[in-house]
Student: 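Handing you this structure, nothing more for now.
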Amino acid sequence: MERILKNGEPDVKSLLAYHYGLQAGAIIRIAGGTVGRTYRINDSFLLKIYDTGTAIGRLGLDRLPVQTQVLKRLQTTALADRICRPVQTGRGELFFAQDSIAGAMFSFIPGEAVGYARPYTEQEVFQLADMVKKLHAVRGGDFEGICPSETYQLSFCGELEQLLISRTELLPEPFREETEREKEMLLSRIRQLRAAALELEKAALPYVLCHTDIHGGNLIRDPQGRLWLIDWENVMLAPKEADLFCFCEEEYAPLFCGDADERALRYYLLRRDLEDVQEFLDSVLNGEYDRAAQQEVFSHVKRILGHMRGMDGGLEALQGGKCHSWK
């Protein structure tokens with residue numbers, strides 16, 4: 001194969017022919033996502049590729065072996081009809097890596113993402129609760145040696161801390177202005193998260209298989225109204241609260257979190273916000289987004305910062321709010 005890039009963009013047609021022996025008639029770029037590029041192929045497959053010349057792309061490559069093996073093994077579980085199937089390359093592998101491009105192909109799920117713009121319907125909430133219950137019932141031991149396990153290590157906190165203390169002036173506007181305005185709040189949240197990690201490590205909560213990124217952007221509603229859970233990049237063995245935190249601020253929280261550990265919910269809620277901020281700012285600092293993408297990323301960062309501001313001095317809002325009313 002001579003070329004994998006064409007005018008700075010991946011030559012998807014050549015990639016498909018070389019790695020999968022597939023002649024693609026219809027290749028449609030799917031908008032959204034900040035880690036990799038996603039394409040619909042012949043209305044039969046979904047191709048996700050990463051630019052491994054970037055830090056966030058290398059992270060995607062590191063996660064490819066895990067997510068593809070997990071999805072393959074889950075085909076024999078009760079979740080098989082609600083997840084995509086990884087497609088093997090011509091060499092029988094579950095993903096490919098070549099020069100600065102890596103990727104994997106999956107069976108295509110017809111439908112549209114539930115998205116962020118509207119709340120879940122009642123039917124969707126019950127479907128999702130059933131899916132999460134089935135996921136957490138999967139034998140975690142079958143995935144040991146494949147999935148990473150929760151260690152409560154927070155290396156990203158040190159990186160974010162250093163950026164806030166000494167590198168904000170290197171960020172482009174408006175990122176610089178926003179992070180400098182929220183600097184003390186962010187540093188306080190980092191201290192709170194580190195303290196919570198130590199507490200949970202001592203608590204030794206049981207681990208289950210967790211998707212860890214369940215939201216409307218990762219849920220496809222097919223023409224029959226069934227939900228499918230996609231994008232398993234962050235799958236791991238962890239306390240079930242690594243998934244349940246996604247629902248703990250919603251009015252339907254009792255369906256998911258009735259017996260959840262409140263300390264763990266608060267930990268994962270804050271950890272997700274801080275980790276997302278660190279990854280976004282680091283990528284912006286490294287010049288990995290063009291001007292249009294920077295605008296989208298800034299809206300994400302601003303939304304996350306607003307959420308953290310509402311966590312009233314260490315998440316006491318959750319302590320005194322819906323968590324205590326769960327049945």
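The structure presented is a predicted model; accordingly, all values stated were derived computationally and were not measured.
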Student: Show, in sequence, the C-alpha distance, side-chain angles and deciding distance for K240 and D259, and conclude whether the salt bridge (Lys or Arg N to Asp or Glu O under 4.0 Å) test is met.
Tutor: CA-CA 10 Å; K240 61 186 178 182; D259 60 348; 3.0 Å; yes

Student: Give a yes or no answer on whether the side chain of N42 reaches the backbone of A26 with a donor-acceptor pair at less than 3.5 Å.
Tutor: yes

Student: Under a plain distance cut-off of 3.5 Å, with no hydrogens placed, do H307 and D273 share a side-chain donor-acceptor pair?
Tutor: yes

Student: Salt bridge (charged side-chain N to carboxylate O under 4.0 Å, His left out) with E161: which of R194, R189, K183?
Tutor: R194

Student: So which atom in P65 and which in L61 form the shortest heavy-atom distance, rounded to 0.1 Å?
Tutor: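 That closest heavy-atom pairing would be CD-O, 3.3 Å.
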
Student: For the pair K302 and E182, find out whether any cationic side-chain nitrogen is under 4.0 Å from an anionic carboxylate oxygen.
Tutor: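 No.
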
Student: Give me the ring orientation class for F256 and F247: parallel if the planes are under 30° apart, tilted from 30 to 60°, perpendicular past 60°.
Tutor: parallel

Student: Under 4.0 Å between a Lys/Arg side-chain N and an Asp/Glu carboxylate O for E199 and R266?
Tutor: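 Result for this pair is no, no salt bridge flagged.
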
Student: Test of understanding: with side-chain contact (heavy atoms from CB on, under 4.5 Å), list the residues that count as partners of P110, not counting sequence neighbours.
Tutor: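 P110 satisfies side-chain contact (heavy atoms from CB on, under 4.5 Å) with F108, P223 only.
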
Student: State, with a plain yes or no, whether a side-chain heavy atom of L274 is found less than 4.5 Å away from one of L160.
Tutor: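 Yes, close enough: below the 4.5 Å cut-off.
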
Student: So, K134 and D130, do they make that salt bridge, N to O below 4.0 Å?
Tutor: yes

Student: Measuring from S188:OG to M311:CE, what's the distance to the nearest 0.5 Å?
Tutor: 12.0 Å

Student: Could you tell me whether R167 and E159 have a side-chain N and a carboxylate O separated by less than 4.0 Å?
Tutor: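 Judged by the 4.0 Å cut-off on N to carboxylate O distance, R167 and E159 do not form a salt bridge.
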
Student: Below 30° counts as parallel, above 60° as perpendicular, anything between as tilted: where do the rings of Y152 and Y267 land?
Tutor: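 Perpendicular.
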
Student: F298 and F175: aromatic ring centres closer than 6.0 Å?
Tutor: yes

Student: Are there over 12 heavy-atom neighbours, none belonging to R139, within less than 6.0 Å of that residue's CZ?
Tutor: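 Open.
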
Student: Go through the side-chain N and O atoms of N234 and H211 and say whether any donor and acceptor fall under 3.5 Å apart.
Tutor: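 On atom types as modelled, these side chains do not qualify, holding no pair under 3.5 Å.
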
Student: Salt bridge check: are E241 and R263 linked by an N-O gap of less than 4.0 Å?
Tutor: no

Student: Testing T121, L128, L219 for side chain to side chain contact (heavy atoms under 4.5 Å, CB included) with V114, which one passes?
Tutor: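 So, applying the side chain to side chain contact (heavy atoms under 4.5 Å, CB included) to V114 and each of T121, L128, L219, only L219 qualifies.
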
Student: Is any side-chain N of the basic residue among D231 and K48 closer than 4.0 Å to the acidic one's carboxylate O?
Tutor: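 Yes.
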
Student: So E93 and H19, side-chain hydrogen bond (donor to acceptor under 3.5 Å, both in side chains) or not? Walk me through it.
Tutor: CA-CA 10 Å; E93 298 169 342; H19 291 287; over 6 Å; no

Student: Counting heavy atoms not belonging to E112, are there more than 12 under 6.0 Å from its CD?
Tutor: no

Student: Rounded to the nearest 0.5 Å, how far apart are CD of Q127 and OH of Y120?
Tutor: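 Spacing of CD (Q127) from OH (Y120) equals 11.5 Å.
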
Student: In chain order, what residues pass the side-chain contact (heavy atoms from CB on, under 4.5 Å) check against H215, with sequence neighbours excluded?
Tutor: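 Once residues adjacent in sequence are excluded, the partners of H215 under the side-chain contact (heavy atoms from CB on, under 4.5 Å) criterion are Y116, D213, N218.
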
Student: Other residues, nucleotides and ligands only: do more than 12 of their heavy atoms fall within 6.0 Å of CD on E169?
Tutor: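 Yes, enclosed.
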
